[in-house]
Amino acid sequence: MFVSVSIAAIALGGIGFVVVRHATPILKGRIVETLSSRFDSRVELDGLHVSVVKGLKVSGDGLRIFPPDDVVAAGATKPLISLGHFSFFANLPGLFIRPMHVGTVYVSDMAIHIPPRQIREQGKQGHRHIGKIKIVVDKIVCDNSRLVIGTDKPNKDPKVFDLKHVAMRDVGPNAPWLYTAILVNAIPRGNIHATGSFGPWVNESPGDSTVTGHYTFEHANLDTIKGIGGMLSSVGDFKGQLDRIVVDGTTDTPDFSLDTANHSMPLHTSFHAIVDGTSGDTYLQPVQARLGKSDFTCKGAIINVKGKGHIIDLDADVPGGRIQDFLQLAVKTEPAIMTGQLQMKAHVHIDPGPESVTQKLSLKGGFTLSTIHFTNPKVEDKVDMLSLRAQGNPKAAKPGAADVHSKMIGDFVMEKGRLRFSKLNYRLPGAEVNLSGVYSLDGREFDFAGKIRTKAELSQMVASRWKSWLLKPVDPFFKKDGAGAVIPVKISGTKSDPKFGLDFGKKD
């Protein structure tokens, strides 16, 4: 009995040895021929290992699929697809069946390098020969992969997609492949989950291969971007070709904040974006956003800069927002120094670099504020009393005697956390204030100078009869250009406690 079992074991081992010895070159030939036929390209495979201990187990290392010869001749230098390792199981009888059927192929460390469009277009566009497919695969599962879309622009970096996990089903040569994927988003850091279809693969120009899908991006911590904070979630759909993907989606950040204030504000956006794989640029056309209770839109681009990152360049339009929402987000003073209706158009520019976003952010534009009300009672009282005096009613100029709603129009530039106003026109009943100056978003700098034009003359703005009498001789010196008085003023201090005063240091 023992001898019989031993003989049987030896016989099976011998058969296994023969099968393995013959199966290895057979399978290597089938893999190379199938991939070469599918991609009409040269294929190299460094090593293949076959085991028949538990069925037919195949694993390989160093698989490389090169671009078509004419694309290589045009300047493509890297393999089109390279696999660090792959493995699959099959039934032993599959060795004798053509095409051989494989359930799932497991792949790790795959890299796809799509040559720049200019190089691809130099390749021949004639009919390519597609040979026989000798292995049919149901599913491919890839871990730790990367898709790189090359660019021929010298000032651009290639567009890179890091693929943590991808599972593709129905991977035939002539129909789209269904997939589920986890992509690694670099900034803000997080995993994007996507499902959709890919292909068919276009041999002549892989960048033209179609991709569609739906994505979710949850719990992305914006703290990974210096200067801003909050937890972002996003959902959306995308379609197009690898060279040009159109994305429509929404984002929600219930606790968005800037480090200049660290006040959380809800921010919601819906966007239409075009991702240009040939340049790495993204075009926003447009972004519809809501900050607090203020709606606004942005259009522009996120521009890829070689070796540095990205420039954000946008045009923003606030047709009817609330100034308190924007002040709450950007300024430390709490509550916001004023409330009112905001209309604004501004150009937004953010340079790449390690600095805080609020230090890299620059704005240039103009705005109109209406129905302004200052939240600090002392400031509002000073504005109200100024209005009453400017109208020639100084006896009524007492704290709480009026509730003036004023209007402001201005042009500004913001850089490195400082707002500089080249023109600031402030209008209230009886007076018009024209100022220029600067203040910092941290609340430490508030410095404006200009002139006040009043309806009343100087002597009409004081309640005391004898002071009014004393001022009458100087009325002509202040009465100019149809105004009762033109008075130089200066405002300094902090945003929460500004100091108002006359400015007779001016030459005029």
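Along the sequence shown, residues carry numbers from 1.
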Run D313 and H347 through side chain to side chain donor-acceptor pair (under 3.5 Å) and show every step you take. CA-CA 8 Å; D313 206 64; H347 184 76; 3.0 Å; yes
Begin from the C-alpha positions of K299 and T297 and carry the test side-chain contact (heavy atoms from CB on, under 4.5 Å) through to its verdict. CA-CA 7 Å; K299 294 182 179 181; T297 61; 5.8 Å; no
Is there a side chain to side chain donor-acceptor pair (under 3.5 Å) between T195 and Y215? Walk through the geometry before answering. CA-CA 7 Å; T195 60; Y215 78 89; over 6 Å; no
Before you tell me yes or no, could you show the steps for D281 and H310 under side chain to side chain donor-acceptor pair (under 3.5 Å), namely the whole-Å CA-CA distance, both residues' side-chain angles and the distance that decides it to 0.1 Å? CA-CA 8 Å; D281 298 339; H310 293 83; over 6 Å; no
S422/D411 under side-chain contact (heavy atoms from CB on, under 4.5 Å): CA gap, chis, key distance, verdict: CA-CA 6 Å; S422 58; D411 295 326; 3.7 Å; yes
What verdict does the side-chain contact (heavy atoms from CB on, under 4.5 Å) test give for D208 and D243, after you've listed the backbone C-alpha separation in whole Å, the side-chain angles of each residue and the deciding distance to 0.1 Å? CA-CA 6 Å; D208 293 332; D243 277 349; 4.0 Å; yes
I'd like to know whether F66 forms a side-chain contact (heavy atoms from CB on, under 4.5 Å) with L80, so could you lay out the CA-CA distance, the side-chain angles of the two residues, the decisive distance to 0.1 Å, and finally the verdict. CA-CA 5 Å; F66 292 87; L80 181 63; 5.9 Å; no
Please step through side chain to side chain donor-acceptor pair (under 3.5 Å) for the pair S279 and T151, ending with a clear verdict. CA-CA 6 Å; S279 65; T151 178; over 6 Å; no
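Cation-pi contact between K423 and F421: absent, since separation from the ring centre below 6.0 Å together with deviation from the ring axis within 45° is not met.
Looking only at distances, no side-chain donor or acceptor of K156 sits under 3.5 Å from a matching main-chain atom of V305. Using a distance-only test at 3.5 Å, with no hydrogens or angles considered, a donor-acceptor pair links the side chain of Q324 to the main chain of G340. Judged by distance alone, with hydrogens and angles left aside, the side-chain atoms of K306 form no donor-acceptor pair with the main-chain N or O of D157 at under 3.5 Å. Remark: the backbone N or O of T250 is paired with a side-chain donor or acceptor of S234 at under 3.5 angstrom. Between the D152 side chain and the P116 main chain, no donor and acceptor come within less than 3.5 Å of each other. Looking only at distances, a side-chain donor or acceptor of S209 sits under 3.5 Å from a matching main-chain atom of P206. Side-chain N or O atoms of T260 include one that pairs as donor or acceptor with a backbone N or O of A330 at under 3.5 Å. Side-chain atoms of D295 do not come within 3.5 Å of backbone N or O of V318 as any donor-acceptor pair. Of the possible polar contacts, none joining the H113 side chain to the L147 backbone as a donor-acceptor pair under 3.5 Å is found.
No more than 12 heavy-atom neighbours from other residues, nucleotides or ligands sit within 6.0 angstrom of NZ on K345. Remark: R290 CZ is packed, more than 12 non-hydrogen atoms of other residues, nucleotides or ligands lying under 6.0 Å away. In this structure, Y106 places its OH atom where only 12 or fewer heavy-atom neighbours from other residues, nucleotides or ligands lie under 6.0 Å away.
Between L222 and F256, the closest side-chain pair of non-hydrogen atoms falls below 4.5 Å. Using a 4.5 Å cut-off on side-chain heavy atoms (C-beta onward), F217 and L183 make no contact. Contact check for T251 versus F271: side-chain heavy atoms found under the 4.5 Å cut-off. Side-chain contact between P200 and P176 is present, with at least one heavy-atom pair separated by less than 4.5 Å. A heavy-atom distance below 4.5 Å is found between the side chains of L242 and I114. By the 4.5 Å heavy-atom criterion applied to side chains, K164 and N191 are counted as neighbours. Considering only heavy atoms from C-beta on, V141 stays 4.5 Å or farther from V105 through its side chain. At least one side-chain heavy atom of F326 sits less than 4.5 Å from a side-chain heavy atom of F296.
Residues D325 and S294 have side chains that bring a donor and an acceptor to within less than 3.5 angstrom of each other. Defined by atom type and a distance below 3.5 Å, a donor-acceptor pair is present between the side-chain atoms of D259 and T358. N221 and H219 are not linked by any side-chain donor-acceptor pair at a separation below 3.5 angstrom, with hydrogens and angles left out of the test.
The side chain to side chain contact (heavy atoms under 4.5 Å, CB included) test with M414 is passed by exactly one of V348, V438, L363: L363.
Counting all heavy atoms, side chain and backbone alike, A336 lies closest to Q328 at N-OE1, 4.2 Å. Closest non-hydrogen pair, Y179 versus F198, comes out as CD2-N, 4.0 Å. Heavy-atom minimum distance, T224 versus R189: OG1-N, 3.6 Å.
Using a cut-off of 4.0 Å between Lys/Arg side-chain N and Asp/Glu carboxylate O, D46 and R64 are scored as salt-bridged.
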